[in-house]
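Notes follow once the structure below has been shown.
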Number of protein chains: 2
Amino acid sequence: MNATKRKRLKAKGWRFGDAKELLGLSDEESKYVELKMRLAESLRKKRLKRRLGQTELAKLIESSQSRVAKMEAADGSVSIDLLIRSLLALGASNPELGRIIARTHRG
Amino acid sequence: MNATKRKRLKAKGWRFGDAKELLGLSDEESKYVELKMRLAESLRKKRLKRRLGQTELAKLIESSQSRVAKMEAADGSVSIDLLIRSLLALGASNPELGRIIARTHRG
DNA sequence: ACAGTGTATGTCGGATTAGACATATTGTCA
DNA sequence: TGACAATATGTCTAATCCGACATACACTGT
């Protein structure tokens with residue numbers, strides 16, 4: 001139902017566990033948050049693989065270190081949109097994105 | 001490089017063809033736009049499969065008919081974020097989303 | 001303990017995106 | 001053709017998100 005509202009969740013602390021039980025999250029909400037965490041995790045992996053610091057990655061995608069940190073933390077102020085654009089900027093293909101998103105978690 | 005800026009593309013007219021040549025789109029930009037179009041298309045398919053009108057779907061996801069129309073048209077004012085939330089609201093699983101995103105187009 | 005490097009967190013102003021409304025367009029049926 | 005439903009398009013205001021900055025925290029090496 002409420003697909004749109006309440007994205008202000010913060011996703012802090014529970015890096016792997018399920019979202020659903022901690023807060024009163026609906027199915028879509030928890031799927032949304034898990035998806036976001038998976039993307040966040042992949043971003044960090046890709047960055048480390050390239051041996052880049054957050055500041056360097058920030059420069060690469062025309063953003064700031066703090067935003068990169070927030071992306072990787074799946075912060076509530078970060079959209080899936082931004083995560084996807086950043087992954088694409090790091091050279092992820094659409095099939096690769098698909099794999100990341102499909103996985104039922106712990107990338 | 002410029003992952004962030006210029007999303008104001010409208011994606012009008014070229015329902016399937018490649019984005020890249022029409023405008024001066026970078027690799028990530030065209031991947032982004034194609035991705036969006038694939039999601040848009042899937043949303044429409046899912047809606048029709050359920051025999052819902054845009055107005056009904058709008059109600060379901062707490063949005064408006066006009067926004068649904070724009071989503072399905074992959075309008076520039078629509079984010080991938082919103083498309084994903086809508087698909088989740090229509091019951092798409094993460095693996096299903098993954099498949100949609102992975103496909104190299106004409107889903 | 002201090003300096004240096006990298007990451008996290010809080011906040012702010014400005015940019016983008018959202019839902020809503022009005023209106024136009026398209027399609028179907030009588 | 002006219003009436004009606006469905007979808008598309010344009011524009012507004014409000015909410016959300018983004019980059020930036022400041023600053024805090026964590027970890028090394030000395």
Side-chain angles (χ1 to χ4, degrees), chain A residues 1-15 29 32-33 36-37 39-41 43-89, chain B residues 1-15 29 32-33 36-37 39-41 43-89:
Chain A
M1 312 321 192
N2 43 6
T4 291
K5 303 300 182 188
R6 60 192 92 154
K7 289 196 300 180
R8 187 112 282 137
L9 294 166
K10 282 299 173 186
K12 280 185 57 176
W14 29 313
R15 304 207 71 90
E29 284 167 342
Y32 177 87
V33 174
K36 193 148 124 179
M37 295 199 305
L39 291 168
E41 208 186 339
L43 182 63
R44 173 163 297 184
K45 271 191 186 146
K46 256 187 155 21
R47 174 175 67 79
L48 292 174
K49 202 161 200 172
R50 286 216 194 173
R51 300 179 193 279
L52 297 174
Q54 291 183 342
T55 307
E56 301 171 277
L57 174 55
K59 214 157 292 173
L60 197 61
I61 64 178
E62 292 181 340
S63 183
S64 60
Q65 180 269 324
S66 57
R67 195 129 289 273
V68 171
K70 280 163 204 189
M71 285 192 233
E72 294 186 353
D75 186 276
S77 80
V78 171
S79 70
I80 283 186
D81 222 282
L82 182 62
L83 282 162
I84 287 182
R85 286 199 307 269
S86 304
L87 283 165
L88 290 176
Chain B
M1 307 339 181
N2 42 6
T4 291
K5 303 301 182 186
R6 61 191 94 152
K7 290 197 298 178
R8 185 113 281 135
L9 294 166
K10 283 299 174 183
K12 280 186 56 175
W14 28 314
R15 305 206 70 92
E29 284 166 341
Y32 177 88
V33 173
K36 193 148 124 179
M37 295 200 305
L39 291 167
E41 207 186 341
L43 181 63
R44 176 167 308 208
K45 271 189 188 148
K46 256 187 155 20
R47 174 176 66 80
L48 292 176
K49 202 161 201 171
R50 284 217 193 172
R51 299 179 194 279
L52 297 174
Q54 292 184 340
T55 306
E56 301 170 278
L57 174 55
K59 214 158 291 172
L60 196 63
I61 64 179
E62 292 181 341
S63 183
S64 60
Q65 179 270 325
S66 55
R67 194 128 290 273
V68 171
K70 280 163 203 186
M71 285 192 233
E72 295 186 352
D75 185 276
S77 80
V78 171
S79 71
I80 282 186
D81 218 282
L82 182 61
L83 282 163
I84 286 182
R85 287 199 306 269
S86 304
L87 283 165
L88 290 176

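The chains referred to below are lettered A, B, ... by the order of the sequence lines, with proteins before strands, and numbering in each begins at 1.
Atom-to-atom, CZ of Arg67(A) to C1' of dA8(C) comes out at 13 Å; the value is rounded to the nearest Å. Rounded to whole angstrom, the span from the CD atom of Glu72(A) across to the C1' atom of dT9(C) amounts to 14 Å. What separates CZ of Arg44(A) from P of dT7(C) is a distance of 8 Å, to the nearest Å. What separates CZ of Arg85(A) from P of dA15(C) is a distance of 16 Å, to the nearest Å. Residue Leu82(B) contributes atom CG, which lies 13 Å from atom P of dT16(D) at whole-angstrom precision. Lys59(A) has its NZ atom 13 Å from the P atom of dT7(C), to the nearest Å. Rounded to an integer number of Å, the gap from Met71(B) CE to dA20(C) C1' is 13 Å. We find that NZ of Lys36(B) is positioned 11 Å from C1' of dT16(C), with the value rounded to whole Å.
Residue order along DNA chain D, read from the 5' end via each residue's closest nucleotide, puts Lys70(B) first among Lys70(B) and Ile80(A).
End-to-end axis angle of the helix from dA1(C)-dT30(D) to dA30(C)-dT1(D), from C1' rotation axes over five pairs per end: 40° (rounded to 10 degrees).
Residues Ile84(B) and Leu88(B) are in side-chain contact: their nearest non-hydrogen atoms beyond the backbone lie under 4.5 Å apart. Contact of the Leu82(A) side chain with the Lys70(A) side chain is not registered, since no non-hydrogen atoms from C-beta on lie closer than 4.5 Å. Counting only heavy atoms from C-beta outward, the side chains of Glu29(A) and Arg85(B) never approach each other to under 4.5 Å.
Taking side-chain N and O atoms only, Ser77(B) has no distance below 4.0 Å to OP1 or OP2 of dT17(C). Between dT9(D) and Ser66(B), no contact under 4.0 Å exists linking OP1 or OP2 to a side-chain N or O. Distances shorter than 4.0 Å separate some side-chain N or O of Ser79(B) from OP1 or OP2 on dA18(C). For Ser64(A) and dC18(D), the shortest distance from a side-chain N or O to OP1 or OP2 is not below 4.0 Å.
Listed candidates were dT9(D), dT17(C), dT7(C). Nearest to the side chain of Gln65(A) is dT7(C).
Side chain of Lys36(B) to backbone of Val78(B): a donor-acceptor contact under 3.5 angstrom is found.
Shown here are the side-chain hydrogen bond (donor to acceptor under 3.5 Å, both in side chains) partners of Lys46(A), two or more places apart in sequence or in another chain: Glu96(A). Remark: Arg47(A) pairs with Glu72(A) by the salt bridge (charged side-chain N to carboxylate O under 4.0 Å, His left out) rule, at least two apart or across chains. With sequence neighbours left out, the side chain to side chain contact (heavy atoms under 4.5 Å, CB included) criterion links Ser66(B) to Ser64(B). Ala58(B) is linked by a side chain to side chain contact (heavy atoms under 4.5 Å, CB included) to Val68(B), counting only residues two or more places apart in sequence or in another chain.
Near DNA chain D, meaning a heavy atom under 4.0 Å away, there are no residues from residues 48-56 of chain A.
For the side chain to side chain donor-acceptor pair (under 3.5 Å) test with Gln54(A), the passing option among Lys59(A), Arg67(A), Gln65(A) is Gln65(A); the others fail.
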